[in-house]
Amino acid sequence: MSDGTMESALEKGYEPHEVEKKWYEFWETEGLFAAQETSDRPGYAIVIPPPNVTGVLHMGHALNNTMQDVLCRYRRSRGDNVLWMPGTDHAGIATQNVVEKKLAAEGTNREALGRDKFIEAVWQWREKYGSAIINQLKRLGASCDWNRERFTMDEGLSRAVRKVFVELYEAGLIYRGQYIINWCPRCNTALSDLEVEHEETAGRLYHIRYPLIDGSGYLVVATTRPETMLGDTAVAVNPEDERYGSMTAGQVELPLTGRRIPVIRDNYVDMSFGTGALKVTPAHDPNDFEICGRHHLDIVRVIGNDGKMTDDAGPGYAGLDRYDCRRKVVADLEAKGLLEKIDEHNHSVGHCYRCKDVVEPNLSKQWFVKVKPLAQEAIAAVEDGRTRILPETWTKTYFEWMYNIRDWCISRQIWWGHQIPAWTCGGCEEVVVAMEAPVVCPACGGKELVQETDVLDTWFSSALWPFSTMGWPDEAALLKTFYPTSVLVTGFDILFFWVARMMMMGLYFMKDVPFKEVYVHALVRDEYGKKMSKSKGNVIDPLEVIEKYGTDAFRFTLAAFAAMGRDIKLSEARVEGYRHFINKLWNAARFALMHIQTHQEPIDRDRISLPDRWILSRLSRVTTQTAEAIDSYRFNDAAGALYKFVWHEFCDWYLEAAKPALNGKNGDGPQQATRTVLWRIFHDTLILLHPFIPFVTEELWHKLPGTDGSIMKAAFPEGADTGAEVVVDPEAETQMTLLVDIITAIRNIRGEMNIAPSLALNATIQSAHEDIRSSITANGDLISNLARLGTLTVNPPGERQKSAATALFEGGTIYVSLAGVIDFSQEAKRLEKELDKVAKDLETTAKKLENRDFMDKAPEHVIEKVRASYDVLREKQQKLSHNLERIKSLQEN
RNA sequence: GGGCGGGUAGCUCAGUUGGGAGAGCAUCGGCCUUACAAGCCGAGGGUCACAGGUUCAAGCCCUGUUCCGCCUACCA
């Protein structure tokens with residue numbers, strides 16, 4: 001390209017929006033996200049944690065999917081056949097609530113519609129809005145294999161659900177029974193234990209007198225929920241409790257009801273709590289239910305599924321709301337003088353994780369999964385390393401939960417979901433569990449078979465996700481190629497809901513773990529944002545951030561802060577900071593492309609300069625670092641290493657150092673050699689950066705001469721493995737460090753002494769080492785350029801310079817002539833400061849060397865290091881004090 | 001009640017076998033130096049929560065204290 005065209009080729013600043021749109025469409029049309037069903041390349045698979053169809057992209061999704069995308073794009077560059085399986089979750093309760101709200105706004109409700117019409121309405125809703133989150137993932141740059149997108153209610157996945165249900169039922173691992181479950185009166189359904197959120201609440205402890213029937217007094221019980229007393233069927237005390245040892249009456253009168261209930265003895269009762277007497281309400285408390293089982297008590301259900309008191313609550317209470325009833329019971333007891341006292345009492349109250357209403361423990365007939373046997377396998381698989389959980393700290397949590405796991409209530413009394421494949425015969429009440437609706441009852445031949453109306457817990461179908469999405473129960477090619485998947489990337493909030501259950505189901509039905517690794521990342525908590533930014537209390541919407549700063553800046557920010565096992569607190573200012581980085585890269589490209597207008601290869605290592613050798617060496621190191629960091633999920637390390645390399649090594653030092661050569665000031669040979677290096681660095685750096693910032697790298701890739709097609713097809717630079725072009729060069733690094741130190745020291749003098757940057761300085765460098773002198777001489781132009789020197793003289797140590805500021809570097813002394821600009825007091829101050837620092841360091845170093853224990857016990861290389869630094873410091877100190885004296889004497893003149 | 005994580009610069013946080021305390025942002029000073037003022041050059045700033053212990057040596061290992069956050073639980 002001839003001059004002038006470059007300006008039009010690259011805008012002055014990076015504008016993300018059109019670029020992002022253009023390349024995402026390009027990737028999709030080119031089919032670059034597609035996995036091969038079979039391939040001789042190694043398979044690498046990730047299944048996406050399916051977002052709810054009702055969802056909108058929040059910070060948690062953004063982080064989670066950025067990480068997965070980094071991994072997938074990186075593995076593709078390493079040559080793997082990558083499958084990133086996308087999809088969405090039907091999210092039973094959540095979606096039903098959303099659609100019900102919509103119906104309410106339209107003046108109707110699901111009962112009015114009926115089940116079939118309602119489900120149809122949900123599907124319609126899903127058609128219309130269900131792809132919102134998918135489109136948002138695309139804006140994030142997610143390179144999922146969209147042609148394989150799945151939905152938990154797809155026919156294929158539904159078939160997998162039925163198959164699993166039937167098999168578990170036949171194996172005796174699914175059963176149905178009357179138990180205390182968590183009931184949400186708002187959502188009108190049972191919930192699993194996990195779906196209940198406990199919250200510490202300030203409540204009251206009511207002490208109620210239950211009159212003994214022999215008239216000898218009262219038994220005082222304490223409760224936080226007085227309304228449940230209407231359903232009491234016993235009072236329990238601990239058999240060891242001496243307070244009640246001599247009690248003769250075997251019964252008490254249950255106030256307000258006129259019923260008589262027994263006093264029983266049970267070890268469960270904690271003597272130290274309250275009065276040591278426990279009212280037993282089997283229908284509304286899980287512990288009481290168990291006690292009831294042991295003592296064969298009656299069960300009286302006084303609270304209905306709607307949260308209102310049942311007829312069994314008795315006249316005056318039946319039909320009341322549970323909280324109104326509480327007030328009335330308290331008032332009535334008070335009136336009868338049976339309320340002894342009310343204490344303040346903190347206890348935790350369960351809330352529905354969907355609607356936040358207070359959950360009611362209630363007696364109900366539900367379906368359960370017997371999870372203990374499944375959990376055993378899931379524990380073993382992590383113990384023996386078939387699945388590795390990272391960071392390791394979560395392993396313990398996983399075990400803890402698995403060991404204490406309780407049966408899983410899987411039936412939900414809602415309409416949206418997988419209807420339980422169980423039918424009851426109207427004739428003989430036989431229960432038939434089958435994949436498809438039976439035509440006749442196998443027991444009596446009756447034809448009146450009614451299907452169970454309940455649907456399954458949403459998490460039941462998500463538990464099958466890693467294999468149901470790949471075509472199970474058919475023998476699909478995908479399963480062969482990609483199961484077990486390579487890694488699951490997820491937040492710890494769904495470790496139990498989802499990960500643990502996938503482990504159990506995967507092991508049971510696939511006879512193998514669903515994933516070899518689980519990477520548990522930090523959480524940007526709370527979709528309402530409160531915990532995202534404690535101090536400011538505001539939400540940050542990822543889409544707004546993308547709109548404002550571009551996807552790449554946002555992604556890079558997330559990666560840069562994704563340190564293992566720590567929450568991310570995100571602020572806009574931080575994204576803005578990384579947008580600067582994207583722009584820096586962009587501008588570096590503008591510059592580089594001015595000088596590499598055609599494909600530049602190969603590198604002639606005999607003709608390249610020191611900075612060329614140095615940056616190639618640094619590239620080699622950062623390549624290794626990036627690979628190692630991504631391989632071990634240290635995204636922040638990878639991002640940090642790349643940031644430092646691009647900005648502070650490539651831009652700050654290499655490009656500045658290379659300018660003279662590139663501008664042709666040093667003749668044609670160096671110019672051409674440097675162009676080849678510049679090309680190589682840029683080429684490889686784009687590939688390294690691509691997983692993190694896919695859009696800008698793709699854009700620049702197409703501007704770089706000599707590249708073909710998408711950067712997504714480019715191979716990860718393998719460093720020394722692939723040839724001689726990229727290798728670590730320690731000698732170049734040492735020499736470059738020397739030059740950088742010298743230049744920085746001179747700049748420091750300029751800055752500290754307020755010498756205008758435009759003023760060229762004259763400097764003399766003295767060193768006793770010949771190799772250092774020759775190295776400096778050989779790169780004199782470089783130093784002069786970057787430190788803005790007029791003249792540079794290099795000598796062995798000799799006469800001290802007059803009227804000069806001094807600086808020390810490892811290996812010699814720099815004198816910067818201050819003729820004309822001298823400010824002696826300024827220089828004296830600077831030297832004193834420096835001297836102070838050296839004196840302090842020297843003191844601690846000396847102390848170590850005088851310490852006999854240290855000298856005796858520390859390893860040799862540590863002692864050597866300390867000795868060497870002592871010598872250096874000592875020499876520094878001497879030189880500095882001499883110079884200080886000289887400056888002071890000059891100052892006096 | 002049980003468990004886990006955290007307390008490092010003004011802010012947000014790195015710190016991988018124990019061996020000279022770091023980054024980004026913010027602050028201060030100087031620069032419109034021909035890729036970039038979304039930039040360049042330089043500077044200041046920390047009793048690594050507190051108290052003990054192990055060690056020649058502790059931000060890092062051990063014990064205790066304290067503050068914050070989270071997970072979990074069948075304390076009526």
K.L.:
Determine the interatomic distance between C1' on B/A21 and the same-named atom on B/C60; round to the nearest Å.
P.N.:
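Approximately 12 Å lies between the C1' atom of B/A21 and that of B/C60.
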K.L.:
What integer distance in Å separates A/Phe556:CZ from B/A38:P?
P.N.:
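To the nearest whole Å, that distance equals 20 Å.
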K.L.:
Distance check, C1' atoms only: B/C32 and B/C36, in whole angstrom units.
P.N.:
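Each nucleotide's C1' atom is 12 Å from the other's.
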K.L.:
Side chain of A/Phe492: nearest nucleotide among B/A35, B/G3, B/C70?
P.N.:
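Given the options B/A35, B/G3, B/C70, the side chain of A/Phe492 is closest to B/C70.
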K.L.:
For B/A35, does OP1 or OP2 lie under 4.0 Å from any side-chain N or O of A/Lys659?
P.N.:
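Indeed, a polar side-chain atom of A/Lys659 lies that close.
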K.L.:
Tell me the interatomic distance from A/Asp285, atom CG, to B/A73, atom C1', rounded to whole angstroms.
P.N.:
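Value for this atom pair: 13 Å.
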K.L.:
For B/G52, what is the paired nucleotide under Watson-Crick or G-U wobble rules, both distances under 3.5 Å?
P.N.:
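Because both required distances fall under 3.5 Å, B/G52 counts as paired with B/C62.
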K.L.:
Got more than 12 heavy atoms from elsewhere within 6.0 Å of CZ, A/Arg204?
P.N.:
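Atom CZ in A/Arg204 is not packed in, count stays at 12 or less.
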K.L.:
Scan every strand shown for a Watson-Crick or G-U wobble partner of B/C40, both distances under 3.5 Å, and answer none if you come up empty.
P.N.:
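Base partner found: B/G30.
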K.L.:
Could you check whether A/Tyr578 gets within reach of a base, just the sugar-phosphate, or nothing at all, counting any heavy atom under 4.0 Å?
P.N.:
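Counting heavy atoms under 4.0 Å across all strands, no contact is made by A/Tyr578.
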K.L.:
Say you pick atom C1' in B/C61 and the same atom in B/C67; how far apart are they, in whole Å?
P.N.:
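That atom pair is separated by 23 Å.
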K.L.:
So, does A/His345 get its side chain near the phosphate of B/A76, meaning an N or O under 4.0 Å from OP1 or OP2?
P.N.:
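Indeed, a polar side-chain atom of A/His345 lies that close.
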K.L.:
In terms of side-chain heavy atoms of A/Asp652, which of B/C41, B/G30, B/A76 is nearest?
P.N.:
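Given the options B/C41, B/G30, B/A76, the side chain of A/Asp652 is closest to B/C41.
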K.L.:
B/C75 P sits how many Å from A/Arg204 CZ, rounded?
P.N.:
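That distance rounds to 22 Å.
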K.L.:
Rounded to whole Å, how long is the line connecting atom NZ of A/Lys584 with atom P of B/A38?
P.N.:
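Interatomic distance, NZ of A/Lys584 to P of B/A38: 12 Å.
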K.L.:
Base, sugar-phosphate alone, or nothing: which one does A/Asn583 contact when heavy atoms must sit under 4.0 Å apart?
P.N.:
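Base, at least one base heavy atom under 4.0 Å.
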K.L.:
Measuring only the P atom in each nucleotide, how far is B/G46 from B/A57? A whole number of Å is fine.
P.N.:
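Result for the P pair: 26 Å, nearest Å.
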K.L.:
Could you work out which one of B/U72, B/A35, B/G29 sits closest to the side chain of A/Leu194?
P.N.:
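For A/Leu194, the side-chain atoms sit closest to B/U72.
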K.L.:
Quantified in whole Å, what is the C1' atom distance between nucleotide B/G42 and nucleotide B/U8?
P.N.:
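It works out to 25 Å between them.
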K.L.:
Taking side chain to side chain donor-acceptor pair (under 3.5 Å) as the criterion, tell me which of A/Arg830, A/Lys829, A/Lys833 meets it with A/Glu752.
P.N.:
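It is A/Lys833; the other options fail the test.
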K.L.:
In whole angstrom, what separates A/Glu850's CD from B/C56's P?
P.N.:
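My rounded result for the distance is 19 Å.
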K.L.:
Both distances below 3.5 Å, Watson-Crick or wobble geometry, any strand: find the nucleotide opposite B/A73.
P.N.:
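Matched B/A73 with nothing under the 3.5 Å cut-off.
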K.L.:
Taking for each residue the nucleotide of RNA chain B bearing the nearest heavy atom, is the 5' side occupied by A/Met855 or by A/His198?
P.N.:
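Mapping each residue to its closest nucleotide by heavy atoms, the 5'-most match is A/Met855.
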K.L.:
Roughly how far, to the nearest 0.5 Å, is the CZ atom of A/Phe682 from the CG atom of A/Leu704?
P.N.:
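Rounded to the nearest 0.5 Å, the CG-CZ separation comes to 7.5 Å.
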K.L.:
Could you verify whether a donor N or O on one side chain and an acceptor N or O on the other, from A/Glu195 and A/Ser192, lie under 3.5 Å apart?
P.N.:
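Yes.
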K.L.:
How far, in whole Å, is B/G59 from B/A14 if one measures between their C1' atoms?
P.N.:
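Looking at atom C1' only, B/A14 and B/G59 are 12 Å apart.
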K.L.:
Side chain of A/Ala858 only, please: which of B/A38, B/G3, B/C56 is the nearest?
P.N.:
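Closest of the options to the side chain of A/Ala858: B/C56.
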K.L.:
Within a 6.0 Å radius of atom CD on A/Glu810, are there more than 12 heavy atoms belonging to other residues, nucleotides or ligands?
P.N.:
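No.
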K.L.:
Spell out yes or no: do the side chain of A/Glu656 and the base of B/A35 have one donor N/O and one acceptor N/O closer than 3.5 Å?
P.N.:
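Yes, a donor-acceptor pair under 3.5 Å.
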K.L.:
Could you work out the separation of B/G64 and B/G3 based on their P atoms and round it to a whole Å?
P.N.:
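Taking atom P in both B/G64 and B/G3, they lie 12 Å apart.
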K.L.:
Can you check the A/Phe591 CZ to B/U34 C1' distance for me, whole Å?
P.N.:
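After rounding, the gap between these two atoms is 10 Å.
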K.L.:
In this structure, how many angstroms lie between the P atom of B/G39 and the CZ atom of A/Phe581, rounded?
P.N.:
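Rounding to the nearest Å, CZ of A/Phe581 and P of B/G39 are 12 Å apart.
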K.L.:
Is A/Lys396 close enough to B/C4 that one of its side-chain N or O atoms is under 4.0 Å from OP1 or OP2 there?
P.N.:
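For B/C4, OP1/OP2 do have a side-chain N/O of A/Lys396 under 4.0 Å.
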K.L.:
Got a sec: does the CZ of A/Arg388 have more than 12 other heavy atoms crowding it under 6.0 Å?
P.N.:
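Atom CZ in A/Arg388 is not packed in, count stays at 12 or less.
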K.L.:
A quick test of your reading: do over 12 heavy atoms of other residues, nucleotides or ligands sit less than 6.0 Å from CZ of A/Arg294?
P.N.:
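Enclosed: over 12 neighbouring heavy atoms sit under 6.0 Å from CZ of A/Arg294.
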K.L.:
Give a yes/no verdict on a cation-pi contact between A/Lys584 and A/Tyr643, requiring under 6.0 Å between NZ or CZ and the six-membered ring centre and an angle within 45° of the axis.
P.N.:
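The answer is no; the distance or angle limit is not met.
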K.L.:
Once you apply a heavy-atom cut-off of 4.0 Å, does A/Thr397 come out as touching a base, just sugar-phosphate, or nothing?
P.N.:
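Answer is nothing: A/Thr397 stays at 4.0 Å or more from every strand.
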K.L.:
Tell me if the CD atom of A/Glu392 is crowded by more than 12 foreign heavy atoms within 6.0 Å.
P.N.:
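It does not: A/Glu392 CD has 12 such atoms or fewer within range.
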K.L.:
Using the C1' atoms only, state how far B/G52 lies from B/A58, rounded to an integer number of Å.
P.N.:
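Here B/A58 and B/G52 have their C1' atoms 13 Å from each other.
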K.L.:
Please determine, for B/C11, whether a Watson-Crick or G-U wobble partner exists with both distances under 3.5 Å, and give it or none.
P.N.:
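B/C11 is paired, partner B/G24.
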K.L.:
Looking at the side chain of A/Pro859, which of B/U72, B/U33, B/C56 is the nearest nucleotide?
P.N.:
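The closest nucleotide is B/C56.
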K.L.:
For the aromatic rings, using the six-membered ring if either is Trp, is the centroid distance between A/Tyr654 and A/Phe645 under 6.0 Å?
P.N.:
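Aromatic pair excluded; centres sit 6.0 Å or further apart.
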K.L.:
Taking only the side-chain nitrogens and oxygens of A/His648, find out if one of them lies under 4.0 Å from OP1 or OP2 of B/A23.
P.N.:
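No, A/His648 has no side-chain N/O under 4.0 Å of OP1/OP2 on B/A23.
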K.L.:
Dump the pairs, protein N or O against N or O of nucleotides 42-48 of chain B, anything under 3.5 Å, distances to one decimal.
P.N.:
from: B/G42; atom 1: O3'; to: A/Asn748; atom 2: ND2; distance (Å): 3.4
from: B/A43; atom 1: OP1; to: A/Asn748; atom 2: ND2; distance (Å): 2.9

K.L.:
When the distance from CG of A/Asp493 to P of B/C4 is rounded to whole Å, what number comes out?
P.N.:
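A/Asp493 atom CG is separated from B/C4 atom P by 21 Å.
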